[in-house]
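Side chains included, hydrogens not; waters and symmetry mates left out as well; all remaining heavy atoms used.
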Amino acid sequence: MPSPPTQGTFFGHLSRLASFALLAVALGYAAFDEGGQVPIGWNTSLLLLGAGAILYLLAVSRADRPPFIGQMVAWAVLLPPVYVGFQLLPLPLPLLKILSPERAKLAESLAPIMQTPAFAPISIDPATTAVYLLRTLAYSLTAFLIYEIFRRAWGRRSWAPVIPLIGVAAFEACLGVLQFANGGDVAGTYRSHDHFAGPLEMVLPLAVAYGISLLKNSNRAETLPVSKAIKACAAFAFAASMLVGLVY
């Protein structure tokens with residue numbers, strides 16, 4: 001008989017599920033809050049994303065990841081934030097002249113009013129660069145979490161990771177259709193037509209592929225289960241709503 005799951009295994013499964021749920025909530029919150037353009041809403045999404053990343057790191061041990069691919073993904077996640085963060089480091093003026101001559105000239109131009117600094121960062125606006133550093137870190141964490149979630153789902157042949165995407169895009173599409181019917185701008189919860197159309201264009205093929213996968217007779221049964229038929233009809237209906245929203 002198989003042994004019952006240990007407490008660590010149960011905690012890991014629960015933490016991964018909570019991490020996935022937080023990532024989905026962060027996506028939905030950013031989309032519904034004017035596309036994440038409001039600072040308070042954007043920071044809330046970043047907070048949810050950071051909590052999801054912490055839960056995932058608590059759930060998955062280092063030995064549970066493929067060594068070679070794990071190292072490649074780690075480098076891919078770390079390089080963009082390191083690149084932005086490097087621009088905040090105070091560098092000696094001779095080195096700054098090599099890396100950024102214009103920035104070094106700007107530092108030397110302060111000589112008539114103050115002593116020329118011996119160290120200066122590449123960034124001319126460190127406060128703004130620090131904000132972009134946090135954003136770049138959030139983007140990298142998102143890419144890492146999506147990679148890990150899809151890696152695990154691929155082994156189980158599960159479509160669970162795309163369900164939140166389909167749900168958010170279907171809501172936006174239906175809202176766009178209602179806006180068109182009422183004679184308003186078709187932009188969903190976004191401020192731009194392009195931002196509205198972008199997610200629909202990306203998620204539409206996923207909704208169609210999900211519906212087709214449900215109709216595949218993988219178990220070689222004579223009839224399709226009712227639950228799969230309902231899910232497939234919903235997926236195709238959502239895909240149709242996205243197509244109509246794009247046309248409008």
Side-chain angles (χ1 to χ4, degrees), residues 19 22-23 25-58 60 62 65-150 187-199 201-202:
S19 174
L22 285 173
L23 187 62
V25 171
L27 166 69
Y29 187 87
F32 299 153
D33 189 40
E34 300 185 15
Q37 296 191 22
V38 179
I40 295 179
W42 176 248
N43 292 333
T44 303
S45 297
L46 293 183
L47 179 62
L48 292 172
L49 177 63
I54 292 174
L55 282 176
Y56 186 85
L57 292 177
L58 292 176
V60 181
R62 186 176 301 177
R65 302 186 192 124
F68 178 68
I69 298 179
Q71 291 178 4
M72 291 179 59
V73 174
W75 278 109
V77 169
L78 287 176
L79 282 178
V82 168
Y83 171 74
V84 179
F86 177 73
Q87 301 179 44
L88 294 172
L89 293 179
L91 301 177
L93 202 57
L95 179 59
L96 188 62
K97 290 180 179 179
I98 299 175
L99 297 178
S100 180
E102 293 300 325
R103 179 66 179 94
K105 289 181 181 179
L106 186 61
E108 292 176 342
S109 65
L110 299 175
I113 58 175
M114 59 178 294
Q115 183 179 0
T116 303
F119 295 87
I122 296 178
S123 173
I124 61 174
D125 189 357
T128 302
T129 305
V131 173
Y132 280 100
L133 173 62
L134 294 178
R135 291 186 179 183
T136 307
L137 183 61
Y139 302 150
S140 299
L141 281 176
T142 303
F144 171 75
L145 290 176
I146 290 175
Y147 161 78
E148 288 288 334
I149 289 171
F150 269 92
T189 58
Y190 294 90
R191 295 181 180 179
S192 167
H193 299 287
D194 295 333
H195 294 170
F196 168 76
E201 292 172 346
M202 291 186 288

Trace of the side-chain contact (heavy atoms from CB on, under 4.5 Å) decision for I40 with D33: CA-CA 10 Å; I40 295 179; D33 189 40; over 6 Å; no
Could you measure the distance from the [atom1] atom of [X] to the [atom2] atom of [Y]? Nearest 0.5 Å is fine.
| X | Y | atom1 | atom2 | answer |
| --- | --- | --- | --- | --- |
| S45 | L23 | OG | CG | 10.5 Å |
| T142 | L46 | OG1 | CG | 8.0 Å |
| W42 | Y29 | CH2 | OH | 12.5 Å |
| I146 | L141 | CD1 | CG | 11.0 Å |

Side chain proximity check, L49 to L145, heavy atoms < 4.5 angstrom: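 Heavy-atom side-chain distance check passes, below 4.5 Å.
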Main-chain N/O of L96 paired with S100 side-chain donor or acceptor, under 3.5 Å: no
Expected output: side-chain T189 to main-chain A31 donor-acceptor under 3.5 Å: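 Yes, the answer is positive, given that a donor and an acceptor are paired below the 3.5 Å cut-off.
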Candidate pair L137 and L133, rule side-chain contact (heavy atoms from CB on, under 4.5 Å), full reasoning: CA-CA 6 Å; L137 183 61; L133 173 62; 5.5 Å; no
Would you say [X] has more than 12 foreign heavy atoms packed within less than 6.0 Å of its [atom1]?
| X | atom1 | result |
| --- | --- | --- |
| Y132 | OH | no |
| Y83 | OH | no |
| I124 | CD1 | no |

How close do [X] and [Y] get, heavy atom to heavy atom, and via which atoms?
| X | Y | value |
| --- | --- | --- |
| Y56 | S19 | CB-OG, 3.5 Å |
| A104 | K97 | CB-CG, 3.5 Å |
| A130 | L88 | CA-CD1, 4.0 Å |
| A120 | R103 | CB-NH2, 4.2 Å |

Candidate pair F86 and L91, rule side-chain contact (heavy atoms from CB on, under 4.5 Å), full reasoning: CA-CA 9 Å; F86 177 73; L91 301 177; 4.1 Å; yes
